[in-house]
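Structure first, then comments.
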Amino acid sequence: MPMEDCLFCKIIAGDIPSAKVFENDEVFAFRDINPQAPVHVLIVPKKHVANVIEGAACGLMNALCGAAAQIAAQEGIDKTGFRLITNCGHDGCQSVGHLHLHLLGGRQLSETMA
Ligand code: DGP
């Protein structure tokens, strides 16, 4: 199931080290290497899918959002609030071709989304 030459598949497999914050049967989550906020976690499906279009088509988004809610509580930002982002494709500036949600929080985030 892992995709050869996929960075996040290698992280999930433990071939590349990461700071894991959460794992269940379907989901793996770890801290972003270049954090944009005090809490910046990447939430990825263990199954390799390229982006949110493929993830939605195979019913993975519920598991990812459920994990995001659990991680937000674990990180202590469920009450203060947070942002969940998924970049898709060229115009969305997706740089890793394995679906991931960015969970950002721990400070007041900017109103600007773009
Ligand atoms: P995106 O641009 O939405 O595809 O986000 C990819 C994110 O992945 C970006 O915020 C940086 C993060 N990233 C890239 N390489 C690594 C890595 O080797 N380890 C970790 N923890 N994060 C990485």
Side-chain angles (χ1 to χ4, degrees):
M1 192 146 65
M3 183 74 94
E4 209 177 314
D5 291 333
C6 170
L7 174 65
F8 287 175
C9 284
K10 288 179 181 165
I11 286 176
I12 293 162
D15 296 337
I16 294 176
S18 69
K20 182 173 90 169
V21 298
F22 177 91
E23 183 173 13
N24 67 17
D25 286 350
E26 290 182 285
V27 177
F28 191 87
F30 53 98
R31 299 198 190 280
D32 195 290
I33 203 167
N34 182 25
Q36 304 298 307
V39 175
H40 187 169
V41 174
L42 299 174
I43 304 167
V44 309
K46 289 185 173 176
K47 177 183 165 77
H48 179 91
V49 296
N51 56 37
V52 65
I53 297 170
E54 289 187 11
C58 57
L60 282 170
M61 300 314 294
N62 220 25
L64 293 175
C65 289
Q70 286 189 56
I71 296 162
Q74 190 178 299
E75 295 287 320
I77 58 170
D78 54 328
K79 305 286 192 300
T80 48
F82 55 85
R83 185 169 288 155
L84 266 185
I85 298 168
T86 187
N87 297 325
C88 183
H90 177 272
D91 283 2
C93 298
Q94 182 178 3
S95 64
V96 178
H98 181 132
L99 170 61
H100 49 284
L101 303 184
H102 296 257
L103 172 66
L104 294 153
R107 66 166 167 80
Q108 177 63 62
L109 299 171
S110 145
E111 288 183 15
T112 309
M113 296 286 275

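This is a predicted model, so every value here is computed, not measured. Quick note: numbers below take in every heavy atom, side chains included, and nothing from hydrogens, waters or symmetry partners. As the structure lists them, so they are numbered: ligands from 1, and atoms in each ligand from 1.
Contact annotation: the side chain of Val39 never approaches that of Arg107 to less than 4.5 Å [non-hydrogen atoms, C-beta and beyond]. Looking at heavy atoms from C-beta onward, Lys46 lies out of side-chain contact with Asn24 at the 4.5 angstrom threshold.
Nearest heavy-atom pair across Leu109 and Ala37 is CD2-CB, 4.3 Å.
In the hydrophobic clustering, where aliphatic and aromatic side chains (Ile, Leu, Val, Met, Phe, Trp, Tyr) are joined below 4.5 Å either directly or transitively, Met113 stands alone.
No more than 12 heavy-atom neighbours from other residues, nucleotides or ligands sit within 6.0 angstrom of CG on Asn62.
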Which pairs of nitrogen or oxygen atoms, taken one from ligand 1 and one from the protein, are under 3.5 angstrom apart?
from: ligand 1; atom 1: 2 (O); to: Cys93; atom 2: O; distance (Å): 3.2
from: ligand 1; atom 1: 2 (O); to: Ser95; atom 2: N; distance (Å): 3.4
from: ligand 1; atom 1: 2 (O); to: Ser95; atom 2: OG; distance (Å): 3.0
from: ligand 1; atom 1: 3 (O); to: Asn87; atom 2: ND2; distance (Å): 2.7
from: ligand 1; atom 1: 3 (O); to: His100; atom 2: NE2; distance (Å): 2.9
from: ligand 1; atom 1: 3 (O); to: His102; atom 2: NE2; distance (Å): 2.8
from: ligand 1; atom 1: 4 (O); to: Ser95; atom 2: N; distance (Å): 2.7
from: ligand 1; atom 1: 4 (O); to: Ser95; atom 2: OG; distance (Å): 3.1
from: ligand 1; atom 1: 4 (O); to: Val96; atom 2: N; distance (Å): 3.1
from: ligand 1; atom 1: 4 (O); to: His100; atom 2: NE2; distance (Å): 2.9
from: ligand 1; atom 1: 5 (O); to: His100; atom 2: NE2; distance (Å): 3.1
from: ligand 1; atom 1: 5 (O); to: His102; atom 2: NE2; distance (Å): 3.3
from: ligand 1; atom 1: 10 (O); to: Asp32; atom 2: OD1; distance (Å): 3.3
from: ligand 1; atom 1: 10 (O); to: Asp32; atom 2: OD2; distance (Å): 2.5
from: ligand 1; atom 1: 21 (N); to: Arg31; atom 2: O; distance (Å): 2.9
from: ligand 1; atom 1: 21 (N); to: Ile33; atom 2: N; distance (Å): 3.4
from: ligand 1; atom 1: 22 (N); to: Ile33; atom 2: N; distance (Å): 3.2

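Here the straight-line distance linking atom CG of Leu101 with atom CD1 of Ile85 works out to 10.0 Å at 0.5 Å rounding.
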